[in-house]
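One structure is given below, encoded as structure tokens.
Keep in mind it's a predicted model, so treat the numbers as computed, not measured. Counting starts at 1 for both ligands and their atoms, following the listed order. The chain is numbered in sequence order, starting from 1.
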Amino acid sequence: MKTFFKYLCVALAVVLSAQATAHGATPSGNAATGARLAQQCADCHGTDGIAPDDTMPNLAGQKASYLIKQITDMRSTANKRAGLTLSQDIDKEIRSDRYKFTRVGRSNEIMDSVVIDLRDRDIADLAAHYSRLSCATTRALTVPKSPTQAVRCKACHGANGVSRSSVIPNLAGQSEGYLMGRLQAYREIGRELSKKERRRNIMATQARLLRDDDITSLARYFSSLACN
Ligand code: HEC
Ligand code: HEC
């Protein structure tokens with residue numbers, strides 16, 4: 001079973017890298033320029049990329065290609081949303097949870113005004129900056145026992161929650177509340193999508209059958225792991 005997941009991950013990484021290239025994203029940004037641009041992100045994501053609020057994602061040490069994909073996706077949604085004052089239907093579609101994490105893109109209204117004016121180069125610079133920051137947190141943590149469900153997560157997100165693929169995010173040291181929120185959202189989407197649609201959304205499939213206590217223990221476990 002483990003081997004199966006490894007193969008699945010390799011195949012997925014290939015597909016996702018191809019997509020990242022198709023977006024025209026270059027993971028070789030300028031970290032110093034990125035650091036200056038990141039000042040506008042600090043209120044929510046922290047001056048050092050460690051979010052002050054547990055429901056906001058930490059960006060420090062996250063994979064550059066993954067960051068580029070998320071920011072680019074949020075920017076394209078923001079653009080669509082801004083241009084769609086007349087079409088209620090499309091606006092509704094973009095706002096729906098289902099749109100949020102499918103391959104179509106990612107939608108987050110809080111991020112709209114921040115990302116809408118970013119150029120591709122800015123996004124690459126920001127990703128270079130954040131991916132180089134240390135994700136070591138100051139929290140004194142005891143790592144709980146690995147939940148049974150975590151075995152399959154580790155096939156893609158890495159044995160210690162640090163993924164080996166540049167397009168699969170690290171989970172180690174990520175904010176606990178943020179991880180819970182993402183898993184709950186993926187679960188909702190997984191329950192709504194048809195079997196065929198789920199095939200295109202790996203995390204919706206992964207989270208669909210998780211129980212509340214699975215989500216709680218997975219979030220606690222991964223957030224307590226040291227990320228480097
Ligand atoms: C007003 C608060 C706020 C500001 C300012 C902000 N963000 Fe965010 N950001 C959020 C929230 C909230 C989320 C989580 C969205 C979700 O749950 O889908 C997020 C998510 C993200 C993610 C996805 C993280 C992941 O692990 O998937 C990235 C990347 C990101 N922001 C980058 C940035 C960058 C770069 C800037 C500055 C140019 C910025 N943000 C400014 C609130 C903010
Ligand atoms: C087959 C590979 C695979 C498996 C197995 C997998 N994931 Fe994921 N996961 C991904 C990919 C790829 C993404 C990024 C999706 C995107 O680009 O939007 C992701 C994203 C996430 C995110 C969002 C991270 C962020 O920073 O926003 C969380 C949380 C997550 N996974 C948790 C889990 C958990 C918990 C499990 C086990 C129950 C799991 N994943 C199993 C591939 C996988």
Legend entry - Ile71, portion touching ligand 1 at heavy-atom distance under 4.0 Å: side chain
Inset, instruction - State if Leu59 counts as touching ligand 1 under the rule of any non-hydrogen atom under 4.0 Å. - result: yes
Inset, instruction - Compute the shortest N/O to N/O distance between Lys69 and ligand 2 and return yes if it is under 3.5 Å, no if not. - result: yes
Legend entry - Any side-chain heavy-atom pair of Leu210 and Leu218 under 4.5 Å: yes
Legend entry - Which residues share a side chain to side chain donor-acceptor pair (under 3.5 Å) with Ser163, sequence neighbours left out: none
Legend entry - Proximal atoms of ligand 1 relative to Cys44 (non-hydrogen, under 4.0 Å): 1 (C), 2 (C), 3 (C), 4 (C), 5 (C), 42 (C), 43 (C)
Legend entry - His45, any N or O under 3.5 Å of ligand 1 N or O: yes
Legend entry - Carboxylate-amine/guanidinium proximity below 4.0 Å for Asp212 and Arg187: yes
Legend entry - Backbone N/O of Gly177 and side chain of Asp54: donor-acceptor pair under 3.5 Å: yes
Inset, instruction - Decide yes or no for Gln174 and Ser223: does some side-chain heavy atom of the first lie under 4.5 Å from some side-chain heavy atom of the second? - result: no
Legend entry - Selected option - heavy-atom contact closest to atom 32 (C) of ligand 2, from Met203, Arg208, Lys63: Met203
Inset, instruction - Apply the test side chain to side chain contact (heavy atoms under 4.5 Å, CB included) to residues Asp73 and Lys69: give CA-CA distance (whole Å), side-chain angles for both, the deciding distance (0.1 Å), then the verdict. - result: CA-CA 6 Å; Asp73 280 358; Lys69 179 177 177 285; 3.3 Å; yes
Inset, instruction - Of the side chain and backbone of Cys41, name the one, both, or neither that has a heavy atom under 4.0 Å from an atom of ligand 1. - result: both
Inset, instruction - Decide whether an N or O pair under 3.5 Å exists between Gln62 and ligand 1. - result: no
Inset, instruction - Check ligand 2 against Gln70 and write out every atom of the ligand that is under 4.0 Å from a heavy-atom position of the residue. - result: 16 (C), 17 (O), 18 (O)
Inset, instruction - Consider every N or O of Arg152 and every N or O of ligand 2, then say whether any pair is closer than 3.5 Å. - result: no
Legend entry - Proximal atoms of ligand 1 relative to Leu67 (non-hydrogen, under 4.0 Å): 29 (C)
Inset, instruction - Look at the N, O or S atoms of His157, main chain and side chain alike, and state whether any lies under 2.8 Å from atom 8 (Fe) of ligand 2. - result: yes
Inset, instruction - Mind jotting down which residue pairs meet the side-chain hydrogen bond (donor to acceptor under 3.5 Å, both in side chains) criterion with at least one end in residues 31-51? Sequence neighbours excluded, please. - result: Asn30-Thr33
Inset, instruction - Please state which part of Cys153 comes within less than 4.0 Å of ligand 2, counting heavy atoms only: side chain, backbone, both or neither. - result: both
Legend entry - Region of Leu171 engaging ligand 2 - heavy atom pairs below 4.0 Å: side chain
Legend entry - same_hphob_cluster(Val114, Leu67) at 4.5 Å side-chain heavy-atom cutoff: no
Inset, instruction - Check if Pro169 has a non-hydrogen atom at a distance under 4.0 Å from any atom of ligand 2. - result: yes
Legend entry - Short side-chain to backbone donor-acceptor contact, Arg75 and Leu118, under 3.5 Å: yes
Inset, instruction - Report, in ascending order of atom number, the atoms of ligand 2 lying under 4.0 Å from any heavy atom of Leu179. - result: 29 (C)
Inset, instruction - Indicate, with yes or no, if Val115 and Leu59 share a hydrophobic cluster defined by side-chain heavy-atom contacts under 4.5 Å among Ile, Leu, Val, Met, Phe, Trp and Tyr. - result: yes
Inset, instruction - May I ask you to check if any N/O/S atom from Met74 comes under 2.8 Å of atom 8 (Fe) of ligand 1? - result: no
Legend entry - Arg182: numbered ligand 1 atoms lying under 4.0 Å from its heavy atoms: 27 (O)
Inset, instruction - Would you kindly confirm whether Phe222 and Val162 end up in one hydrophobic cluster when ILVMFWY residues are joined by side chain heavy atoms under 4.5 Å apart? - result: no
Inset, instruction - Verify the distance test for Gln206 against atom 8 (Fe) of ligand 2: any N/O/S atom under 2.8 Å, yes or no. - result: no
Inset, instruction - Taking atom types as modelled, find out whether Lys154 and Ser146 have a side-chain donor-acceptor pair closer than 3.5 angstrom. - result: yes
Legend entry - Linked, directly or transitively: Tyr178 and Met203 (ILVMFWY side chains, under 4.5 Å): no
Legend entry - N or O contact, Tyr66 vs ligand 2, cut-off under 3.5 Å: yes
Inset, instruction - Compute the minimum heavy-atom distance from Lys154 to ligand 2 and say whether it is under 4.0 Å. - result: no
